[in-house]
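What follows is a set of notes on a single structure, which appears directly below.
It should be emphasised that the depicted structure is a prediction, and the values quoted were computed from it without experimental measurement. In what follows, chains carry the letters A, B, and so on, assigned in the order in which the sequence lines appear, proteins first and then strands, with residues in each chain numbered from 1.
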Amino acid sequence: MAEIIRLKREFFTRDVLEVAPDLLSKTLAIKAVDEEIRRYVISETEAYRGEEDKACHASKGRTGRTEIMYYEGGRLYVYFVYGMHWMLNIVTSGKDNPQAVLIRGLENFPGPGRVTKILGIDRSFYGEDLVTSGRIWIEDQGVKPVFKTGTRIGIDYAGEFWKTKPWRYYLDYPWTI
DNA sequence: TCAGTGATTAGG
DNA sequence: CTAATCACTGAG
């Protein structure tokens with residue numbers, strides 16, 4: 001029986017191309033308003049890698065919104081898009097290397113907008129530290145993910161080179177084939 | 001296929 | 001200040 005371990009700083013300070021697939025099958029734990037802890041399995045992620053990555057928000061440099069991406073890995077980068085949806089991202093790698101993983105889906109709750117809706121994520125989670133926070137963190141249940149890769153969604157503006165990078169990772173369930 | 005909805009950003 | 005854009009979703 002594997003031990004359940006809360007992910008520490010070292011997990012998040014690696015390159016985003018290692019962290020994004022490693023987050024699959026990990027459990028996102030969050031304290032609801034009633035103080036009850038709810039857990040969800042991460043099923044789909046996407047990697048956004050530095051200022052050179054034209055699909056990454058940090059490609060425009062340091063701004064008020066992207067500031068947190070320049071912190072050491074483990075923080076949350078939360079932003080609002082299309083006037084309706086909050087997006088949940090996890091900052092990775094070291095200081096001044098702006099990378100982040102978009103949480104695109106949880107088991108039974110596919111879609112980045114649905115993820116934040118079910119979790120109750122909003123502006124107040126911007127900058128939250130997954131390593132020290134008392135209301136949100138990630139656990140390793142000891143499950144090895146079997147996953148597939150694909151191109152990232154919704155980044156047509158990024159140009160052919162960045163658009164075609166296989167930086168989307170998703171659990172490959174036998175019953176979805 | 002397409003409207004909805006508002007924060008963020010670049011530019012004047 | 002203005003206007004364009006947007007790492008999306010749900011209804012039809």
Are [X] and [Y] ion-paired here, with the side-chain N under 4.0 Å from a carboxylate O?
{"X": "A:Arg14", "Y": "A:Asp22", "result": "yes"}
{"X": "A:Arg104", "Y": "A:Glu46", "result": "yes"}
{"X": "A:Arg9", "Y": "A:Asp129", "result": "yes"}

With the side chain of A:His85 defined as its heavy atoms from C-beta on, choose the nearest nucleotide among B:dA7, B:dG4, B:dT9.
B:dG4

When all nucleic acid strands are considered with a 4.0 Å heavy-atom cut-off, which category describes [X]: base, sugar-phosphate, or nothing?
{"X": "A:Arg152", "answer": "nothing"}
{"X": "A:Met87", "answer": "sugar-phosphate"}
{"X": "A:Ile155", "answer": "sugar-phosphate"}
{"X": "A:Arg123", "answer": "sugar-phosphate"}

So what is the 5' to 3' dot-bracket string for DNA chain C, if pairs are Watson-Crick or G-U wobble with both distances under 3.5 Å, crossing pairs use [ ] and | means the partner sits on another strand?
||||||.||||.

Pair A:Leu28-A:Leu88, side chain to side chain contact (heavy atoms under 4.5 Å, CB included): steps then yes or no
CA-CA 12 Å; A:Leu28 203 158; A:Leu88 172 61; 4.1 Å; yes

Whole angstrom is fine here: how far is it from [atom1] in [X] over to [atom2] in [N]?
{"X": "A:Lys117", "N": "B:dT5", "atom1": "NZ", "atom2": "P", "value": "14 Å"}
{"X": "A:Asn89", "N": "B:dT8", "atom1": "CG", "atom2": "P", "value": "14 Å"}
{"X": "A:Phe80", "N": "B:dG4", "atom1": "CZ", "atom2": "P", "value": "16 Å"}
{"X": "A:Asp122", "N": "B:dG6", "atom1": "CG", "atom2": "P", "value": "15 Å"}

Does a donor on one side chain sit under 3.5 Å from an acceptor on the other, for A:Glu51 and A:Tyr70?
yes

Any chance the side chains of A:Ser43 and A:Glu107 put a donor and an acceptor closer than 3.5 Å?
no

Counted 5' to 3', the first and last nucleotides of DNA chain C within 4.0 Å (strictly under) of a heavy-atom of chain A are C:dC6 to C:dG10

5'-most contact on DNA chain B (nearest-nucleotide basis), A:Lys60 vs A:Met84, goes to A:Met84

Does some side-chain heavy atom of A:Trp86 sit less than 4.5 Å from a side-chain heavy atom of A:Arg123?
yes

Within-4.5 Å side-chain heavy-atom neighbours: A:Ile30 and A:Phe125
yes

CD1 on A:Ile103 to CD1 on A:Ile138, rounded to 0.5 Å
6.0 Å

